[in-house]
Amino acid sequence: MSKAPQFGLNVPQSEAVMYLDGPCLVLAGAGSGKTRVITQKIAHLIEDRGYDPRTIAALTFTNKAALEMQERIAKLLKQPRQAKQLTVSTFHSLGVKILRQEANGVGLKDRFSIMDADDCGSLIQDMAISTDKQLIRRIQTDISLWKNGLVEPVIALQNAKDEDEAQSARIYASYVATLSAYQAVDFDDLIRLPVELFRNNEPIRDKWQRRLRYLLMDEYQDTNTCQYELVKLLVTGVGKKPMFTAVGDDDQAIYAWRGASVENLKTLQTDFPDLQVIKLEQNYRSTTRILQAANAVIGNNPKLFDKKLWSEHGLGEPIKVLGMANDDQEAEQVAIMISADHFDRKNKWSDYAILYRGNHQARVIEQCLRKERIPYSISGGQSFFDKAEIKDIISYLRLLANTDDDPAFIRAVTTPRRGVGQSTLEVLGTFSGQWQCSLFEAVFKGGIEGKLIDRQLLPLREFCNFINNLETRASRPGPSGSGDNAAQVLDDLLEAINYESYLYDMFDERAAQSKWQNVLEFTNWLKDRGRGGKDRDGDEKNVLELTQMVALMSMLEGQDEEPDAVRMSTLHASKGLEYPHVFLVGVEEGILPHKGDPDAPAETIGARVQEERRLMYVGITRAQRTLQITWCKKRKRGGEQVHCDPSRFIKEMELDVGTAAPMESEVISPKERLARMKELLATPKT
DNA sequence: CAATGCGACATTTTT
DNA sequence: TGTCGCATTG
């Protein structure tokens with residue numbers, strides 16, 4: 001084992017990989033190879049330091065990142081199969097793993113449900129006795145922020161600074177109680193409950209500390225208080241050296257609004273005084289000019305750690321800043337520029353990316369791209385698992401796994417319609433409330449006969465018997481394992497409820513067909529997991545485990561976009577990605593930086609602008625070779641065109657003389673464009 | 001009174 | 001593009 005740089009790493013990268021004397025923080029600038037450090041370090045732990053792969057955990061924020069990381073590690077190992085023994089997962093998956101084994105320790109039954117944001121939203125709707133979408137969302141985010149900040153309902157109420165917050169806090173209290181009655185947890189609980197458990201139960205905490213000896217965290221700047229606390233609890237023990245590597249970049253912290261706390265970076269230094277801090281400043285992605293602009297912009301933020309990116313890629317082409325007359329022209333010009341450049345440089349379409357602040361900005365651009373016949377794909381589209389037809393099926397699975405899951409019960413019993421209506425459910429709900437039992441249980445409880453007439457009660461009982469039968473079959477081991485059985489049960493379920501004809505009854509031919517297609521895709525996907533085929537743990541999963549896993553999925557993996565298309569993405573969704581040619585559009589005051597709440601407290605405005613600045617920084621650093629920034633003098637808002645100013649961030653870029661002032665756009669006239677196109681078409685491609 | 005339809009309008013998003 | 005609220009209709 002040598003101390004010299006190896007594996008083709010640079011000096012600080014290699015240092016970060018080799019450092020194992022204690023806790024380690026890697027400050028990895030954009031494009032500095034942070035994922036390489038994590039993957040190489042894991043390989044190093046296994047190959048050179050004799051770590052058992054089962055005792056190493058790498059934590060990410062998305063399933064996609066986890067999957068990617070695991071694949072990359074497998075390629076580095078002499079025995080790639082060892083990668084399967086690692087825990088490479090999201091924080092939330094780790095939480096489920098812990099809760100599954102320790103459910104009793106936090107007052108949960110072995111069978112608990114994971115409720116998605118929609119379910120939680122309707123719970124809150126019931127408790128707030130309001131349908132105001134804004135209000136519900138506000139309460140929901142309040143509660144989520146409290147949970148992520150480890151603030152108990154009582155404390156939240158005490159510290160409430162206005163009536164709105166007090167209302168949220170009161171609902172928070174009954175929300176927690178309701179979830180517990182359902183034997184359900186929400187996403188935040190997946191991390192909060194393990195924290196609670198480890199705080200109160202030393203032996204269990206010890207057990208997990210022995211189980212996970214080395215921890216690595218990706219995107220550490222995005223962790224919230226709760227996640228950090230979980231890490232701390234896993235990593236610190238009496239007479240034990242904390243062993244972990246956190247990788248992050250304070251300049252790319254863009255999720256404060258959902259509870260992430262960059263302060264966790266600073267806290268790390270005070271909590272672990274012997275923390276080794278290693279900076280990665282060499283950038284392997286962009287030209288020097290792009291990095292200069294990025295450094296200049298971010299230089300306007302107060303810095304937690306001093307850091308300056310540099311690269312060996314040469315100066316590169318100047319950054320262009322184009323002021324457009326309005327948003328229509330902006331979209332048109334971007335489309336034309338991409339089209340022309342694509343032919344000029346003979347690039348792939350996928351070499352281009354258009355980045356914007358808000359999803360709605362994509363609309364105009366989309367139309368222009370279509371008009372120009374430029375293939376495009378929009379990232380972050382609607383999540384497959386959020387589609388109504390998928391959630392319908394999942395509600396049955398959830399109910400099979402946990403009959404206390406009232407939201408699942410309501411959805412399943414009413415979809416497809418089987419003669420159970422609103423009034424029946426209301427009576428059942430009141431009854432179950434009086435007896436402190438689940439809706440499912442209430443159906444068979446003595447006394448319910450007096451409340452419901454046969455026409456209401458019989459379909460309920462038929463439904464519950466149906467679920468009970470399925471449940472018995474699902475938990476019985478099948479011919480070749482439980483996974484096989486889960487798949488079989490699912491097929492029978494779909495047939496028994498006649499879901500396909502339900503879809504054709506409810507929707508027109510085209511919609512029903514595509515929905516049914518989705519259902520089939522989903523069941524096939526589940527069957528693969530159930531059989532352990534594609535699954536990383538290789539375990540066969542029963543209905544309960546499958547259901548819990550599905551709850552944590554947002555995108556369908558492998559559902560890749562068009563291979564050769566211009567990528568359109570929000571700035572947030574572009575983090576971690578890179579493109580040869582980037583167009584940053586709508587860079588105006590009010591959009592980037594976005595104007596927040598007009599009545600937000602003054603002291604928070606500075607922090608907001610700083611986060612917007614980091615967003616700009618993320619956008620700039622996505623570009624490898626060229627970067628074009630556009631802004632509009634006028635923009636459609638409401639009925640009429642509204643005046644706009646270029647973003648302050650444009651000035652902050654301190655561009656080379658000549659491009660510093662926003663240039664008038666050199667509008668390519670349609671005539672000229674036509675001529676150019678003809679010319680291009682006349683030149684035979686070689 | 002409920003269902004449908006149309007116009008106005010947009011932070012950012014994962015689990 | 002998708003949702004929300006308001007208005008019109010059966």
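Letters A, B, ... mirror the listed sequences (proteins, then strands); counts begin at 1.
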Should Trp257(A) be counted as stacked on dT12(B), where stacking needs a ring-centre gap under 5.5 Å and an angle between planes under 30 degrees?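 Trp257(A) vs dT12(B): stacking yes.
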
With stacking defined as ring centroids separated by under 5.5 Å and planes differing by under 30°, is His572(A) stacked against dT12(B)?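 No, His572(A) does not stack on the base of dT12(B), since the centre distance and plane angle fail the 5.5 Å and 30° test.
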
Between Phe385(A) and Trp525(A), does the ring centroid distance fall short of 6.0 Å? yes

Using whole Å, what does the distance between atom [atom2] of nucleotide [N] and atom [atom1] of [X] come to?
| X | N | atom1 | atom2 | answer |
| --- | --- | --- | --- | --- |
| His92(A) | dT13(B) | NE2 | P | 17 Å |
| His360(A) | dA8(B) | NE2 | C1' | 13 Å |
| Asp218(A) | dT15(B) | CG | P | 13 Å |
| Asn148(A) | dT15(B) | CG | C1' | 10 Å |
| Tyr356(A) | dT13(B) | OH | P | 9 Å |
| Tyr255(A) | dT15(B) | OH | C1' | 12 Å |
| Glu611(A) | dT11(B) | CD | P | 16 Å |
| Gln367(A) | dT1(C) | CD | P | 9 Å |

For nucleotides 4-7 of chain C, which of its nitrogen or oxygen atoms have a protein nitrogen or oxygen under 3.5 Å away, and what is each distance?
residue, atom, partner, partner atom, Å
dC4(C), OP1, Lys133(A), NZ, 2.0

With DNA chain B as reference, determine whether Leu190(A) or Arg137(A) sits nearer its 5' end, using the nearest nucleotide of each. Arg137(A)

Set of residues satisfying side chain to side chain donor-acceptor pair (under 3.5 Å) with respect to [X], sequence neighbours excluded:
| X | value |
| --- | --- |
| Ser113(A) | Asn402(A), Asp405(A) |
| Gln456(A) | Thr424(A) |
| Lys232(A) | Asp271(A) |

May I ask you to evaluate whether [X] reaches the phosphate of [N], defined as a side-chain N or O under 4.0 Å from OP1 or OP2?
| X | N | result |
| --- | --- | --- |
| Asn63(A) | dT15(B) | yes |
| Asn359(A) | dT13(B) | yes |
| Thr90(A) | dT14(B) | no |

Rounded to the nearest 0.5 Å, what separates atom CD1 in Ile143(A) from atom CG in Asp186(A)? 8.5 Å

One thing to verify: whether Asp222(A) and Lys575(A) come together as a salt bridge, which I'm taking to mean a side-chain N less than 4.0 angstrom from a carboxylate O.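 Yes, this pair counts.
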
Taking NZ, NE, NH1 and NH2 as the nitrogens, is one of them in Arg192(A) or Glu196(A) under 4.0 Å from a carboxylate oxygen of the other?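 Yes.
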
Nearest to the side chain of Thr570(A), heavy atoms from C-beta on, is which of dT14(B), dT12(B), dT15(B)?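 Side chain of Thr570(A) sits closest to dT12(B).
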
With sequence neighbours excluded, what pairs up with Glu389(A) under the side chain to side chain contact (heavy atoms under 4.5 Å, CB included) test? Lys387(A), Tyr499(A), Lys515(A), Asn518(A), Val519(A)

Please list every stem that involves DNA chain B, where a stem is a run of 3 or more consecutive Watson-Crick or G-U wobble pairs with both pairing distances under 3.5 Å. B:1-10 with C:1-10

Does CZ in Arg370(A) sit with more than 12 non-hydrogen atoms of other residues, nucleotides or ligands closer than 6.0 Å?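 Yes, CZ of Arg370(A) has more than 12 neighbouring heavy atoms, counting only those of other groups under 6.0 Å.
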
Qualifying residue for side-chain hydrogen bond (donor to acceptor under 3.5 Å, both in side chains) with Asp328(A), from Lys636(A), Gln641(A), Arg635(A), Lys634(A): Lys636(A)

Work out how far the P atom of dT14(B) is from that of dT3(C), and round it to whole angstrom. 15 Å

